[in-house]
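Structure incoming, see below.
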2 protein chains.
Amino acid sequence: MTLRIRCQQCSVRSCAPCSALTAATADQLARIVHRRRIPAGQILYGGPDRAKTFSIIVEGVVKLVNVQPDGSNQIVGLQFPSEFVGRPFVEGAPLVAEAATDLEVCAFSGSAFETLMQTHADLERTIFKRTLDDLDFARQWMSMIARKTAEERVASLLMLIASKFRDKARDGRQAVAGLEFNLPLSRTEIAECLGLRLETVSRQFAALKAEGIITTGRRRGLKVADMAALGERAQGLVHA
Amino acid sequence: MTLRIRCQQCSVRSCAPCSALTAATADQLARIVHRRRIPAGQILYGGPDRAKTFSIIVEGVVKLVNVQPDGSNQIVGLQFPSEFVGRPFVEGAPLVAEAATDLEVCAFSGSAFETLMQTHADLERTIFKRTLDDLDFARQWMSMIARKTAEERVASLLMLIASKFRDKARDGRQAVAGLEFNLPLSRTEIAECLGLRLETVSRQFAALKAEGIITTGRRRGLKVADMAALGERAQGLVHA
DNA sequence: TGTTTCGTTTGATTTCCATCAATTCGCGTC
DNA sequence: GACGCGAATTGATGGAAATCAAACGAAACA
């Protein structure tokens, strides 16, 4: 599982999705990849235009949104750096992938990527395995939403996000305690993730602040002062 | 997509999973399949013994259960006849697949099936596509649980189950109105599906009965008198 | 510097579901 | 048929989050 490709347009050190591929496949991939910057709010796939693209996130967060008939949104998944965004084999995916923050991605045109996937079994298997992991995670998340209280849900989401930032920080050998970052989601979006209303989310933030577990900076700034305590509140979410 | 295989031990008319395969692959599959009867409550995969099997359900319903650290169960998926049950590529799946009713399945030993999948791309793709469908469905279901009221949830689950029985009934050209069948789940299990308590489920059943939308027979018997009204209560669940 | 606007916070009240508790029903057993 | 058991129903009550409503804060604009 060593790194077999240095994606020419890709500065990521260890390109996780590519590392499982053969040199030949990685080479083919490198020919159709193009680095793109995508502003927050832009649709990656789904929605009215039905643009079909596949991407690997280099920087930023993508939200997978289920638009309900009554107009409300439900966020059913978040994709973080190094993760894959796309829905092979169908034209009209039932959900919309939207940039939650400004993004930097390795993008592949839908047709080229699908063709490549059908001729290179190792690529298909890599995406297949990620899909299985996504499915496991979606089911874990479902359990979380079905059973937990508002406090536990908010803590779980913060743990999930914080753990992603912690992983990134570790690459740069940053301190684990007192993790500080900008939330990639608004209060409304957090509520849409958790099946709560934004007022409830706000109150839970206030409660966590009052207990000294987190502090909020201006805008979307957040500092997790006590990761262990936050984990306790999350009550054992399996964070991938 | 015509039927390419007649699974020698399989009486199912049009074997959906097999129909997408090449004759060669179907032939290989037929060699390692064995029909089994499985009593309700038996574990198909996951759990302490970690037995790894793959199955296609011929008759009955399988529940995918997430066992929480506090001992409560959350049902995160149901598999019906013609559907695939198994989790390739990992040893310790994070959930347990358990027979909700007595089953009849086409079973494959884990190792043989995985080997076959890795040498026959069409088989792998078939399972891949099903996994993607499962993922879509899990996310739809998550939205349902996150947003809907108890009444809508119960109606949604009954619609889902009823639609499966309706599909089966259609094969035999049965009447669509006044659909009658035995629920594959207890009240407790229904509650575990929906993130509710069993008392709440029972009350919603009572409400639907009072409105004349359903009638309950003895044991797990259920008759859907007004499918359209039930669908209204479900408020637009996308039932796969 | 004021004004507008959007996101967030805080407060008051209501609603729905969980919880606790008791009863009934269906089914197997003696 | 009487008993016992587990599952399901029904009732009473409390609590957590939704809802309604208002105020606040931080950018964005003139």
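Note that this is a predicted model, so its numbers are computed, not measured. Proteins come first, then strands; the chains are lettered A, B, ... in the order of their sequence lines, and each starts at number 1. Scope of the values below: all heavy atoms of this structure, side chains included, with no hydrogens, waters or symmetry mates.
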Is the backbone N or O of E152(A) less than 3.5 Å from a side-chain atom of S156(A), with the two atoms forming a donor-acceptor pair by type?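 Checked: pair present.
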Hey, could you give me each pair passing ring pair (Phe, Tyr, Trp, His ring centres under 6.0 Å) that has a residue in residues 41-72 of chain B? Not counting sequence neighbours.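 Applying ring pair (Phe, Tyr, Trp, His ring centres under 6.0 Å) to every pair that reaches into residues 41-72 of chain B, excluding sequence neighbours, yields F54(B)-F84(B), F54(B)-F113(B).
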Looking at residues 208-222 of chain A, who's got a heavy atom less than 4.0 Å off DNA chain C? none
Would you find a donor on one side and an acceptor on the other, under 3.5 Å apart, between the side chain of K148(B) and the backbone of A234(B)?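 Side chain of K148(B) to backbone of A234(B): a pair is present.
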Quick check: does any side chain N or O of T53(A) sit under 3.5 Å from a backbone N or O of S109(A), one acting as donor and the other as acceptor?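 Not a single qualifying donor-acceptor pair exists.
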Sequence-distant partners of E151(A), side chain to side chain donor-acceptor pair (under 3.5 Å), two or more places apart: R233(A)
May I have the distance from E189(B) (atom CD) to dA8(D) (atom C1'), rounded to whole angstrom? 14 Å
Let me see the working for I56(B) and E83(B) under side chain to side chain contact (heavy atoms under 4.5 Å, CB included), right down to the final yes or no. CA-CA 6 Å; I56(B) 290 165; E83(B) 293 176 356; over 6 Å; no
Need to verify one output field. Residue with the more 5' nearest nucleotide on DNA chain D, R147(B) or L198(B)?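 By nearest-heavy-atom nucleotide position, the 5'-most residue is L198(B).
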Carefully, step by step, assess R87(B) and D136(A) under the rule salt bridge (Lys or Arg N to Asp or Glu O under 4.0 Å). CA-CA 10 Å; R87(B) 173 57 166 99; D136(A) 287 340; 2.7 Å; yes
Along nucleotides 11-24 of chain C, 5' to 3', which nucleotides get a B, which get an S, and which get a -, given that the test is a protein heavy-atom distance under 4.0 Å? BB----SSBB----
Which angle, rounded to 10°, do you find between the first-five-pair axis and the last-five-pair axis of the helix from dT1(C)-dA30(D) to dC30(C)-dG1(D)?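 Here the local axes at opposite ends form an angle of 30°.
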Side chains of T215(B) and K209(B): is there a donor and an acceptor less than 3.5 Å apart? no
I need the full list of salt bridge (Lys or Arg N to Asp or Glu O under 4.0 Å) pairs touching residues 94-103 of chain A, with sequence neighbours left out, sorted by first then second residue. K63(A)-E98(A)
Kindly determine whether N66(A) and Q140(B) satisfy side-chain hydrogen bond (donor to acceptor under 3.5 Å, both in side chains), including the steps that lead there. CA-CA 8 Å; N66(A) 205 332; Q140(B) 292 288 129; 3.2 Å; yes
